[in-house]
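Structure, as structure tokens:
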Amino acid sequence: LEPVSLGIAIGAASALTGYLSYPRFYCGFVECCPRDGDRPNATALKEVLDTKLFGQHLAKEVILKAVVGFKNNANPKKPLALSLHGWAGTGKNYVSQIIAENIHKQGLKSKFVHLFVSTLHFPHDRNVTQYKDQLHKWIRGNVSACASSVFIFDEMDKLHPGLIDAIKPFLDYYDQIDGVSYRKAIFIFLSNAGGDLITKVALDFWRNGKDREQILLKDLEQILSLGVFNNKNSGLWHSSLIDKNLIDYFVPFLPLEYKHVKMCIRAEIQSRGNGIDEEVVKKVADEMTFFPKGEKIYSDKGCKTVQAKLDFY
Ligand SMILES: Nc1ncnc2c1ncn2[C@@H]1O[C@H](COP(=O)(O)OP(=O)(O)OP(=O)(O)O)[C@@H](O)[C@H]1O
């Protein structure tokens, strides 16, 4: 090669390598862990919660404050630990998905988002020691690969207390554990524990003729943490997560009313690309069952069976 062509070839090759190693280009093809300084899109999170999450004014408020505050903090002292509580089908998994998507575009499909379901991943009490070991390695390995990993634990009330305690060190105020810092990770715990307490408060408001939007976080937060702590069946009972104040936010999910179920049905119809037929919306909503026996205000499965019921129409 003559010197000029050689120069051009080297120049082109190094430009290409430079381009390929340029994160924005490279991360267009391969999922990358968010870099330090990457800000969460608070407006987008608010918008999604405002438009897609129905009947959960408290959860909306807490989640927004917690997630945006945490991600804006360049140097958090501990990972963010959220405990989501409420009746079945009220949106706990749904919100976890929304949070995950706000942090990692691919949401639950992201390699940096990990979902554990107690009865699926840790079914046998006799294997607790083995599960503990696996969980430690799994969390450590994933946080080493991406500091802002998201871990979601569903059915927390069914998780063996030994495993809850195993997660504890990761949530604590340690700078590093064996050279790994967990302070930018997010842990989300989901459970039905406390659902009855939340319902009781909501019902009291309803019976006193007050709007559910008038329920304040302080009406529920303490009832919830104490109630869950003192309930032997809650799984979190006496768990050092609560004991040591390692949960940053208790997030209450209110039971859903008839009008919220209708909103879920409309959203589902729209997501299927169909036009809304109010007749169908009413038919599907009427198929749901409501409690308590007398007043029949709250859907006992929340919005959970809406999708399946809609398939009939
Ligand atoms: N508050 C809500 N607003 C909008 N959609 C909702 C809401 N609650 C539930 N849904 C819809 O119902 C589906 C089931 O809800 P989800 O899985 O989040 O319930 P959950 O609270 O996690 O229940 P469980 O405790 O039984 O696991 C969601 O995927 C979503 O489509």
Side-chain angles (χ1 to χ4, degrees), residues 45-64 82-102 107-109 113-122 150-159 187-199 202 212-213 215 220 224 227-228 231 233-236 249-274 276 281 284-285 287-291 297-311:
L45 181 59
K46 184 173 183 314
E47 164 122 14
V48 177
L49 291 172
D50 279 344
T51 53
K52 295 198 166 169
L53 182 68
F54 309 130
Q56 303 296 1
H57 68 287
L58 293 173
K60 215 182 272 184
E61 177 193 323
V62 186
I63 298 285
L64 201 60
L82 304 174
S83 194
L84 278 47
H85 297 262
W87 206 261
T90 50
K92 300 179 297 296
N93 272 285
Y94 190 49
V95 162
S96 314
Q97 199 179 317
I98 292 175
I99 298 174
E101 275 167 14
N102 189 253
L108 291 185
K109 291 199 196 96
V113 175
H114 314 280
L115 171 68
F116 301 96
V117 182
S118 302
T119 49
L120 184 69
H121 296 104
F122 315 111
V150 176
F151 300 93
I152 304 168
F153 290 83
D154 194 7
E155 300 182 346
M156 193 63 181
D157 33 352
K158 297 191 187 87
L159 193 65
F187 289 79
I188 305 175
F189 304 113
L190 316 183
S191 79
N192 296 126
D196 47 345
L197 301 169
I198 299 171
T199 299
R212 72 196 252 133
E213 281 73 25
I215 305 175
L220 281 171
L224 202 55
V228 172
N231 180 355
N233 301 319
S234 79
L236 293 174
Y249 295 91
F250 284 92
V251 189
F253 281 70
L254 301 174
L256 296 179
E257 297 174 10
Y258 185 77
K259 65 175 179 200
H260 303 122
V261 172
K262 277 185 148 181
M263 292 163 102
C264 288
I265 300 168
R266 289 191 199 104
E268 182 61 26
I269 295 176
Q270 276 176 329
S271 79
R272 294 179 186 193
N274 300 326
I276 291 166
V281 173
V284 176
E287 276 186 36
M288 306 290 282
T289 43
F290 292 83
F291 71 99
I297 314 162
Y298 303 121
S299 163
D300 58 7
K301 293 188 189 66
C303 279
K304 214 164 188 179
T305 49
V306 159
Q307 296 180 353
K309 286 198 162 55
L310 207 50
D311 293 340

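Just follow the structure's listing: the first ligand is 1, and inside any ligand the first atom is 1. Nothing here was measured: the structure is a model prediction, and the numbers come from that model.
- Under the 4.5 Å side-chain criterion, counting only non-hydrogen atoms from C-beta, P252 is not in contact with H85.
- Interface atoms of ligand 1 facing Q56, defined by a heavy-atom separation under 4.0 Å, are 1 (N).
- Atom OG of S96 is separated from atom CG of L115 by 8.0 Å, given to the nearest 0.5 angstrom.
- Listed by number with element, the atoms of ligand 1 under 4.0 angstrom from any heavy atom of C303 are 9 (C), 10 (N), 11 (C), 12 (O).
- By the 30° and 60° cut-offs, the orientation of the rings of F116 relative to H121 is perpendicular.
- Each of the atoms 1 (N), 2 (C), 3 (N) of ligand 1 lies under 4.0 Å from some heavy atom of L53.
- Heavy-atom separations between C264 and ligand 1 include at least one value shorter than 4.0 Å.
- Under the 4.0 angstrom criterion for non-hydrogen atoms, N192 is in contact with ligand 1.
- Here the protein heavy atom with the shortest distance to atom 29 (O) of ligand 1 is Y94 CD1, 4.0 Å.
- Backbone and side-chain nitrogen or oxygen atoms of F54 are examined, and one is located within less than 3.5 angstrom of a nitrogen or oxygen of ligand 1.
- Counting only heavy atoms of the protein, atom 21 (O) of ligand 1 lies nearest to K92 NZ, 2.8 Å.
- Environment of NZ in K52: sparse, with no more than 12 heavy atoms of neighbouring residues, nucleotides or ligands closer than 6.0 Å.
- At most 12 non-hydrogen atoms from other residues, nucleotides or ligands lie less than 6.0 angstrom from CD of E47.
- The aromatic rings of F290 and Y258 sit tilted, their planes meeting at an angle between 30° and 60°.
- At least one N or O atom of G89 sits closer than 3.5 Å to an N or O atom of ligand 1.
- Around atom 24 (P) of ligand 1, the closest heavy atom drawn from K52, K60, K304 belongs to K304.
- Below 3.5 Å of separation, one finds no N or O of L256 facing any N or O of ligand 1.
- Contact analysis leaves G86 out of contact with ligand 1, as no non-hydrogen atom separation drops below 4.0 angstrom.
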